[in-house]
Amino acid sequence: MTKPPLTLYLAAPRGFCAGVDRAIKIVEMALEKWGAPVYVRHEIVHNKFVVDGLRDKGAVFVEELEDCPDDRPVIFSAHGVPKSVPAEADRRNMIYVDATCPLVSKVHIEAQRHADAGLQMIMIGHKGHPETIGTMGQLPDGEVLLVETVEDVARVEVRDPERLAFVTQTTLSVDDTKDIVAALQARFPKIVGPHKEDICYATTNRQEAVKVVAPKSDALLVVGAPNSSNSRRLVEVASKAGCDYAQLVQRADSIDWRALEGISSVAITAGASAPEVLVNEVIDAFRDRYDVTVEVVETATENVEFKVPRVLREPA
Ligand code: 0CJ
Ligand code: F3S
């Protein structure tokens, strides 16, 4: 039987960012340095395949520091942690390595700097997401106000409208955030913040690439996990950019082939925490069913790299 033709637009950049690369390396190097088990507080990055692979090598994933013994090293995930977490690890004399992405740590430092200057902080982010919990947790409970939408901006109650600053989660939708920042600036003209927002280069670049491939594709698949904020945003961006069928897929076996019946083009991208092996697995699954022509659509090049913490670079 002859296979139907299919143009497969492969978005670039896609997949691992520098912060994810570093976080995974930190766990691998910690296992080499200290042996198993090494504890990891929260999924190091939001991807089951990555987490399962590290678990096989001896990493133990827990949600809270209280689930870790005192005498084994613990790593904090790429998303960042509230200040209380390293403080408690210090109190318990634990060895810990912070795998928080340096671009998230930069936001933490900004939040603290604004608070030290006497400004009340507003965070634009998703309630309950570990990065939001970590960034809000740089300041005492109740000090940071959270807004998730333009509607929230109209409702937020501040101490002094003249003395405010804002920070954002790094993985938000660039377009939605622009509207929220504009609403904040309209209501509080004196509010201080970053030049635009704190969305990172990787989030921005992956969304830009999706905006280019989505309008010319009958379907768009984002390789990524359901709890991955940046991956979910890529699905939303694709839908908004005019793609009729945009879906998150964890790997090839979660593709809904029925829903794809009759397509002649598909775009594929991957969230910042999704490994390229899973992208290749998805492409191979299309090759099994279609006569595929791959077209790489590159909208930016990336050359960001972050060093692992010194403790892991020193000889054992
Ligand atoms: O929060 C981050 C620093 C991004 C880490 C990489 O992506 P992921 O999927 O683990 O996390 P998000 O849910 O924040 O996108
Ligand atoms: Fe960092 Fe952005 Fe990746 S904040 S972990 S570079 S998605």
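Along the sequence shown, residues are numbered consecutively beginning with 1. Atoms within each ligand, like the ligands themselves, are counted from 1 in listed order.
Under 4.0 Å is where a charged nitrogen must lie from a carboxylate oxygen, and between Lys127 and Glu148 no such pair does. A salt bridge does not link Arg41 to Glu63: none of the charged nitrogens lies less than 4.0 Å from a carboxylate oxygen. The pair Asp160-Lys190 does not count as a salt bridge, with every side-chain nitrogen at least 4.0 angstrom from each carboxylate oxygen. Using a cutoff of 4.0 Å between basic side-chain nitrogens and carboxylate oxygens, Glu276 and Arg14 are scored as salt-bridged.
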* Can you check salt bridge (Lys or Arg N to Asp or Glu O under 4.0 Å) on Lys25 and Glu28, steps first, answer last? -> CA-CA 5 Å; Lys25 252 187 222 145; Glu28 287 170 345; over 6 Å; no
* Asked: Which is it for Ser173 and Asp175 under the side-chain hydrogen bond (donor to acceptor under 3.5 Å, both in side chains) test, yes or no, and what are the steps along the way?
  -> CA-CA 6 Å; Ser173 148; Asp175 294 331; 5.4 Å; no
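Within the structure, side-chain hydrogen bond (donor to acceptor under 3.5 Å, both in side chains) contacts touching residues 286-297 (residues at least two apart or in different chains) do not occur.
When ring centroids are compared, Trp34 and Tyr39 stay outside the 6.0 Å threshold.
Of all atoms in ligand 1, listed by their number and element, those nearer than 4.0 Å to a heavy atom of Val20 are 6 (C). Heavy-atom proximity to Val104, at under 4.0 Å, picks out these atoms of ligand 1: 3 (C). The Ser273 neighbourhood of ligand 1 comprises atoms 7 (O), 8 (P), 9 (O), 10 (O), with distances under 4.0 Å to a heavy atom of that residue. For ligand 1, the atoms sitting less than 4.0 Å from at least one non-hydrogen atom of Ala78 are 3 (C), numbered in the order shown with element in parentheses.
Under the 4.0 angstrom criterion for non-hydrogen atoms, Asn227 is in contact with ligand 1. Note on ligand 1: Ser231 sits outside its first shell, no heavy atom being nearer than 4.0 Å. Taking a 4.0 Å cut-off on heavy atoms, Glu43 fails to register as neighbouring ligand 1.
In Asn230, the parts holding a heavy atom less than 4.0 Å from any atom of ligand 1 are both the side chain and the backbone. When heavy-atom distances to ligand 1 are checked against a 4.0 Å cut-off, Glu131 comes that close only through its side chain, counted from C-beta outward. When non-hydrogen atoms are compared, ligand 1 lies under 4.0 Å from the backbone of Val45 as well as from its side chain.
Not counting sequence neighbours, Asn47 has no partner by the side-chain hydrogen bond (donor to acceptor under 3.5 Å, both in side chains) test. When the side chain to side chain contact (heavy atoms under 4.5 Å, CB included) test is applied to Glu43, the partners found at least two apart in sequence or on another chain are His46, Val51, Asn227.
Closest approach of Ala246 and Val235 over heavy atoms only: O-CG1, 3.6 Å.
Counting only distance, with no hydrogens or angles, the side chain of Gln120 and the backbone of Arg159 share a donor-acceptor pair below 3.5 Å.
By the 3.5 Å distance cut-off applied to N or O atoms, Gln169 is not counted among the residues near ligand 1. The distance criterion of under 3.5 Å between nitrogen or oxygen atoms is met by His129 with respect to ligand 1.
Given atom 4 (C) of ligand 1, the protein heavy atom at minimum distance is Thr171 CG2, 3.9 Å. For atom 10 (O) of ligand 1, the closest heavy atom belonging to the protein is His46 N, 2.6 Å.
Below the 2.8 Å limit, atom 2 (Fe) of ligand 2 has as protein N, O or S neighbours Cys200 SG.
Contact of the Tyr9 side chain with the Val266 side chain is not registered, since no non-hydrogen atoms from C-beta on lie closer than 4.5 Å.
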